[in-house]
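For reference, the structure discussed in these notes is given below.
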Amino acid sequence: KSPTDGWFTQRGGEKMNDFDLILFLLAFLFICGILSYPSLTEHFWIPSWRGAMIEAEQGTELQSTAHGKEGTVADAEDSANLKPVKAVDRVEAVREAFRHAWKGYKAFAWGHDELKPISKTHGEWFGLGLTLIDALDTMWILGLKDEFAEAKKWVETELSFSKNVDVNLFESTIRVLGGLLSTYHLTGDTLFLDKAKDIGSRLMPAFKTPSKIPYSDVNIGKGTAHPPRWTTDSTVAEVTSIQLEFRELSRLTKDPQYQNAVEEVTRHVHRLEGKRDGLVPMFINTNSGKFTRRGAFTLGARADSYYEYLLKQWLQGGKKETELLEDYLQAIEGVRKNLLRQTSPSKLTFVGELSNGRLNPKMDHLVCFLPGTLALGAHNGLPADHMELALQLMETCHQMYAQMETGLSPEIAHFNLQSNNGRDIDVKPADRHNLLRPETVESLFYMYRFTNDSKYRDWGWDILQNFNKYTRVPSGGYTSIGNIRDPLNPAPRDKMESFFLGETLKYLFLLFSDDNELISLDKYVFNTEAHPLPIWPSTSSGRSPELS
Ligand code: DMJ
């Protein structure tokens with residue numbers, strides 16, 4: 001008999017007991033497994049979507065990302081459930097998020113337009129270092145001096161606009177011209193003003209059209225401009241949301257050509273037929289100067305910043321240009337009359353879209369700029385009911401985040417007027433993406449500045465935490481995602497838009513900062529890409545002081 005055999009034989013009487021013990025242990029392990037199922041799924045599956053796309057071991061960063069000495073994002077999240085996180089820690093968390101985004105941009109996309117954080121490479125749109133320029137004033141405001149210094153060096157030594165490249169007039173105005181002008185104001189460094197003049201003058205050929213309504217595209221190297229290949233129309237928001245920047249460029253350079261060109265567009269649109277109670281269609285023809293494809297009205301894509309720039313130009317010019325104010329007030333009444341509805345069952349107020357007289361109860365996330373703009377107007381003496389509407393719309397934009405499984409908003413929300421499913425908000429499969437957009441945190445910033453209600457900070461804090469949870473890429477950067485309804489697989493899209501650094505993180509930082517004088521809203525207006533430009537010192541005319 002072998003010793004083993006003997007062992008079994010000797011212990012023959014206890015054999016059943018061993019079996020029982022094994023069964024008991026297996027049952028015990030099984031029950032433990034069931035009890036810890038939620039945390040198992042959380043800790044296994046969330047990293048797994050990253051692991052599948054990126055590297056398996058990097059998924060753990062979700063739980064271990066350090067932000068400063070205070071602890072981790074996960075720690076902060078846990079403690080947030082117990083006690084409020086201090087403003088100073090939130091400010092520090094935004095700095096940490098910026099550094100993490102910058103780390104990816106620096107490593108894989110330095111000097112290029114956009115970071116593709118998952119494939120660890122870059123995307124090019126205009127080839128002008130868009131993310132770097134968009135982020136300059138954010139770094140200055142966040143006090144990230146080393147990062148700012150290296151970016152400035154790139155602007156000094158590498159940035160050239162002498163390039164045979166087609167750029168979009170609107171996008172390069174709000175991001176590049178706006179970013180350079182605001183950085184010049186914050187730093188006083190003429191490097192940025194010189195660069196602003198260079199890009200500003202290269203964009204001017206866009207205005208050489210039969211109607212003076214600018215073309216959408218300019219070749220900044222050749223000095224030629226053209227509309228998109230398929231149409232001679234321009235987008236209304238695009239031709240009416242370049243005014244703050246070009247007016248400021250004229251003021252600084254004492255050269256009226258920029259201001260004249262954009263104000264001609266403003267005057268033209270002011271007089272134009274085809275509006276509905278102050279609401280504008282989405283397209284305008286560069287030959288005829290008339291609105292085209294009339295009948296569709298939205299506060300979202302293609303029209304949004306028209307409304308924003310009416311108010312902000314009026315503020316920039318010292319509240320003297322009454323036609324701007326009239327158009328703004330009329331438009332807000334037009335919104336109330338034509339587009340405003342409430343959901344069922346919770347009576348959330350939203351701004352729908354009108355299509356040939358029929359209301360479509362859908363709202364782009366882009367519309368969430370509106371609570372902030374309305375609040376800014378009310379702060380500047382416009383009717384108190386603008387503030388009431390701002391409060392209601394802010395709640396709706398918050399719900400567009402809070403009601404989603406990831407706590408992040410879809411690109412487009414569909415609202416229920418008569419709810420059959422108990423939900424106020426539905427999301428169509430094609431609209432489930434989130435591009436790290438700023439509009440809601442932008443409005444939260446205004447609402448907090450004007451009300452001091454800490455709930456707006458808490459809502460912004462939730463959004464930052466969810467960006468960290470679902471969009472943060474361990475090797476550096478943040479990514480837009482394809483599905484805000486699936487926390488187990490939010491479907492990363494491998495793109496960090498420049499406005500995440502230019503706008504989203506800047507507004508979050510200002511929301512959490514206790515320093516109200518940091519970009520005072522009585523001294524600056526933010527352009528539509530969150531670049532602060534000064535409100536002009538008062539003069540008797542509506543022209544910028546240096547030109548009057
Ligand atoms: C930005 O470029 C600007 O905020 C613009 O007005 C709208 N789209 C993006 C951000 O969503």
Side-chain angles (χ1 to χ4, degrees), residues 91 94-95 98 130-145 147-148 151-152 155 172-193 195-196 199-200 241-252 305 308-319 369 372-373 375-377 379-380 438-439 441-450 460 498-538 544-545:
V91 155
V94 181
R95 279 204 191 95
F98 186 98
L130 273 191
T131 295
L132 189 148
I133 299 178
D134 231 355
L136 284 168
D137 57 4
T138 305
M139 290 184 264
W140 187 263
I141 290 167
L142 268 58
L144 301 174
K145 292 190 181 145
E147 290 84 352
F148 181 84
K152 179 189 154 180
V155 172
S172 47
T173 299
I174 65 170
R175 299 183 200 219
V176 181
L177 178 58
L180 291 167
L181 287 173
S182 70
T183 307
Y184 165 65
H185 278 294
L186 295 175
T187 62
D189 190 329
T190 52
L191 163 70
F192 300 107
L193 179 57
K195 291 288 179 189
I199 185 69
S241 314
I242 48 179
Q243 279 67 6
L244 288 174
E245 299 81 357
F246 278 97
R247 280 156 51 112
E248 179 60 9
L249 187 59
S250 274
R251 190 178 78 92
L252 291 171
S305 41
E308 179 187 351
Y309 269 38
L310 290 174
L311 178 75
K312 288 183 173 176
Q313 286 179 83
W314 178 67
L315 294 176
Q316 178 190 43
K319 305 184 184 174
F369 80 93
T373 298
L376 180 65
H379 173 74
N380 280 282
E439 291 76 19
V441 294
E442 167 185 353
S443 284
L444 288 173
F445 155 67
Y446 285 101
M447 297 304 282
Y448 181 74
R449 278 267 173 113
F450 298 138
S498 79
F499 50 69
F500 184 62
L501 299 193
E503 298 193 67
T504 310
L505 292 179
K506 184 188 289 151
Y507 283 128
L508 279 167
F509 184 86
L510 292 171
L511 168 67
F512 300 143
S513 168
D514 280 331
D515 182 0
N516 280 358
E517 283 307 300
L518 182 59
I519 320 292
S520 158
L521 290 171
D522 296 319
K523 295 183 184 140
Y524 290 93
V525 279
F526 286 89
N527 85 340
T528 193
E529 188 76 5
H531 299 302
L533 299 173
I535 290 173
W536 296 340
S538 62
S544 65

Does some side-chain heavy atom of [Y] sit less than 4.5 Å from a side-chain heavy atom of [X]?
X      : Y      : answer
Tyr524 : Leu186 : yes
Leu376 : Lys312 : yes
His185 : Phe192 : no
Asp189 : Thr183 : no
Phe509 : Val91  : yes
Ser305 : Glu529 : no

Any donor and acceptor pair, going by atom type alone, linking the side chain of [X] with main-chain N or O of [Y] inside 3.5 Å?
X      : Y      : value
Arg95  : Leu142 : yes
Arg247 : Gln313 : yes
Gln243 : Ser241 : yes
Tyr309 : Thr528 : yes
Arg449 : Asn516 : yes
Ser443 : Gly372 : yes

Using every non-hydrogen atom in the two residues, find where [X] and [Y] come nearest and quote the distance to one decimal.
X      : Y      : result
Gly200 : Leu249 : CA-CD2, 3.8 Å
Ile535 : Leu521 : CD1-O, 4.1 Å
Leu501 : Thr138 : O-OG1, 2.8 Å
Gly178 : Glu245 : CA-CG, 4.0 Å
Leu311 : Gly377 : CD2-N, 3.7 Å
Tyr448 : Leu511 : CB-CD1, 3.6 Å

Kindly write out the residues that satisfy ring-ring contact (aromatic ring centres under 6.0 Å, His included) with [X], not counting sequence neighbours, or none if the list is empty.
X      : result
Tyr507 : Phe445, Phe526
Phe98  : Trp102
Phe450 : His379

Output the distance between atom [atom1] ([X]) and atom [atom2] ([Y]), rounded to the nearest 0.5 Å.
X      : Y      : atom1 : atom2 : result
His531 : Ile519 : NE2   : CD1   : 12.0 Å
Thr504 : Phe499 : OG1   : CZ    : 6.5 Å
Ser498 : Asp134 : OG    : CG    : 3.5 Å
Leu444 : Leu510 : CG    : CG    : 12.5 Å
Ser172 : Leu177 : OG    : CG    : 8.5 Å
Trp536 : Leu315 : CH2   : CG    : 12.0 Å

For Thr373, enumerate each residue passing the side chain to side chain donor-acceptor pair (under 3.5 Å) test, keeping only those at least two apart in sequence or located in another chain.
->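 Here no residue qualifies.
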Applying side chain to side chain donor-acceptor pair (under 3.5 Å), name anything that partners Glu442, two or more places apart in sequence or on another chain.
->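 By the side chain to side chain donor-acceptor pair (under 3.5 Å) rule, Glu442 matches no residue at all.
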Side chain to side chain contact (heavy atoms under 4.5 Å, CB included) between Asn527 and Leu181: does it pass, once the steps are laid out?
-> CA-CA 11 Å; Asn527 85 340; Leu181 287 173; over 6 Å; no
Determine which pairs satisfy salt bridge (charged side-chain N to carboxylate O under 4.0 Å, His left out) with at least one residue from residues 498-512, sequence neighbours left out, and list them in order.
-> Asp137-Lys506
